[in-house]
Amino acid sequence: MIIAALDPPPRAARGESLDSAIWRLHRLTGGIAPTWEQLREAGIAHSRLLRWGWRGGLAEYYHLTTRTVVPFYIALAIQLAANPDPLRVIRRDCLVAHPIDDTRMLVEWLKHKTAPNPKIQRRSFDVRRPRSAPRLIEMLLAMTEPLLPHVPDMDRERLFLVHFLTTSQHRQHDKTAGLMPYSTLSGRINLFIKHANKRIAEWNREHPDRPRRPLPSFAPGQLRGSVATQHYLASGGDLLATAAILNHRDPVVTDAYVEGPAARRLERETIARLQRMMVTWVIAPKQATKSASSPRLRPCNSAVRSSLHDASRSEHRKRRASLPASWWLPDMSRLGRSA
């Protein structure tokens, strides 16, 4: 790493290189983004700052910023299916070892909406996946480590720490870093969508045969509902499975999160399938009773019917020949008297 090197990187052919400036400013500022006064003291020209992305561009080489925090927040919001504000204030000690499986790790956070008794939310992940939630949290811990000496005491245990490049009268402290405000998160998500759609548009121009869909506009509070809907569709309409993902005790609460035409179409198809199953279950016993009382005969052709008829007649003649004549001949005397 450039910052950890003992000796400064070589300078560029014309002036100072970006690597050399990052190394020198890191020792001047104590590991955080330099202020304008520190940049002037270091003799950094404005033309080079413009090429390097100004203070915001330099800050991203040292620690997490309000711009670079957004992809981490969105990825964790999708994997954890967490409420937006409880995820924003998640603690740094949220990683817990799995009690049984060494290849998995638990992520725990508090849902403060259930105050005065906050509810613990918990999910486990396979740590062998490089972009699983525990791995992303480990990256966040490393990227926010330089900010810990510069945050207020009340925010020191939080995970989403950012460096403030500007001052604000709404901030409750005079520190240069702290917990990411919710309003800043919403604004930065909009900026993230704008930049992502710009890159997608450039991709579509260069690859018209493989176009990509642009990102829709969304707020932090919509991510949980979107995750719930996707789990609902993937499970084939299993509301209980979706409730387990969202840590809901009552599936009725989960149903409020499931939305979209695809989910409603799946609901209609599921209801129709259940209705057909119910009708079949009700009618089947009656059909079974009817078939047991009067068994159905298989149809046969004319040749089979003729042979069965002839066999029946011959059997009838044999049985009549074995009986006394008085059993089957008519009583002529009675017939005569009747006449």
Side-chain angles (χ1 to χ4, degrees), residues 18 50-54 56-61 63-85 87-88 90 107 123 125-140 142-144 159-160 162 165 180 182-238 241-242 245-246 254 256-269:
L18 175 60
L50 180 62
R51 187 164 61 249
W52 295 340
W54 294 100
L58 288 175
E60 295 177 1
Y61 291 98
H63 45 65
L64 204 66
T65 65
T66 55
R67 191 182 76 87
T68 55
V69 71
V70 171
F72 286 94
Y73 181 89
I74 294 176
L76 288 176
I78 293 174
Q79 294 193 42
L80 298 177
N83 295 88
D85 201 57
L87 176 61
R88 184 183 66 91
I90 191 172
V107 180
R123 289 204 67 189
F125 297 90
D126 189 348
V127 295
R128 293 171 295 183
R129 297 183 177 181
R131 292 297 180 265
S132 62
R135 295 307 183 195
L136 295 179
I137 292 174
E138 291 174 352
M139 295 173 63
L140 285 173
M143 296 175 70
T144 55
L159 178 63
F160 285 102
V162 294
L165 296 177
M180 174 182 55
Y182 190 84
S183 58
T184 302
L185 174 63
S186 301
R188 285 298 179 176
I189 285 181
N190 294 332
L191 193 60
F192 170 81
I193 296 173
K194 179 180 177 181
H195 290 167
N197 286 337
K198 183 178 179 180
R199 293 192 298 269
I200 291 174
E202 294 176 355
W203 167 273
N204 291 340
R205 285 194 298 268
E206 297 175 359
H207 306 83
D209 55 330
R210 291 178 294 166
R212 297 176 178 176
R213 292 187 301 174
L215 295 180
S217 179
F218 61 89
Q222 294 177 286
L223 291 173
R224 184 169 167 86
S226 177
V227 173
T229 302
Q230 293 303 317
H231 278 286
Y232 180 78
L233 296 175
S235 63
D238 191 343
T242 308
I245 296 295
L246 270 62
T254 309
Y257 284 86
V258 177
E259 56 188 9
R264 299 309 170 202
R265 183 172 61 252
L266 180 60
E267 288 181 357
R268 292 193 297 268
E269 294 174 355

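Predicted model, so just to flag it, every value in this text is computed and none were measured. What's counted below: heavy atoms across the whole structure, side chains too, no hydrogens, waters or symmetry copies.
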**Prompt:** Quick one: salt bridge (charged side-chain N to carboxylate O under 4.0 Å, His left out) pairs with a partner in residues 63-78, sequence neighbours left out?
**Reply:** E60-R67
**Request:** Would you mind reporting whether V227 and Q230 have side-chain heavy atoms less than 4.5 Å apart?
**Result:** no
**Message:** Looking at R123 and Q79, would you say the former's side chain and the latter's main chain have a donor-acceptor pair under 3.5 Å?
**Reply:** yes
Which atom pairs, one a donor and one an acceptor, fall under 3.5 Å between side chains of residues 205-223 and the rest of the protein, sequence neighbours left out?
from : atom 1 : to   : atom 2 : distance (Å)
H207 : ND1    : W203 : O      : 3.2
Q222 : OE1    : A219 : N      : 2.7

**Prompt:** Are V107 and L76 close enough that some pair of their side-chain heavy atoms sits under 4.5 Å apart?
**Reply:** no
**Message:** So D126 and S132, do their side chains get closer than 4.5 Å, heavy atoms only?
**Reply:** no
**Request:** Please examine the side chains of R131 and L136, heavy atoms only from C-beta on, and report whether any two atoms are closer than 4.5 Å.
**Result:** yes
**Asked** What are the two closest heavy atoms between L80 and A133, and how far apart are they?
**Response** CD2-CB, 4.3 Å
**Atom pair CG/OG1 of L233 and T242 - distance to nearest 0.5 Å** = 8.5 Å
**Complete:** CZ (F192) and CG (L185) are apart, to the nearest 0.5 Å, by 11.5 Å
**Message:** Between E138 and R135, does any side-chain N to carboxylate O distance fall below 4.0 Å?
**Reply:** yes
**Request:** Decide side-chain contact (heavy atoms from CB on, under 4.5 Å) for H63 and T65; before the verdict, give the C-alpha distance in whole Å, the side-chain angles of both, and the deciding distance to 0.1 Å.
**Result:** CA-CA 6 Å; H63 45 65; T65 65; 4.3 Å; yes
**Prompt:** Rounded to the nearest 0.5 Å, what separation is found between the OG atom of S183 and the CZ atom of R188?
**Reply:** 11.5 Å
**Partners passing ring-ring contact (aromatic ring centres under 6.0 Å, His included) against F160 (at least two apart in sequence or in another chain)** = Y73
**Request:** State, with a plain yes or no, whether a side-chain heavy atom of L64 is found less than 4.5 Å away from one of M180.
**Result:** no
**Request:** Quick one: pull up OG1 in T184 and CG in L191 and give me the separation to the nearest 0.5 Å.
**Result:** 12.0 Å
**Asked** Would a 4.5 Å heavy-atom cut-off, applied to side chains only, mark M139 and I137 as touching?
**Response** no
**Message:** Using a 6.0 Å distance limit plus a 45 degree cone around the ring axis, check whether R224 lies over the aromatic ring of Y257.
**Reply:** yes
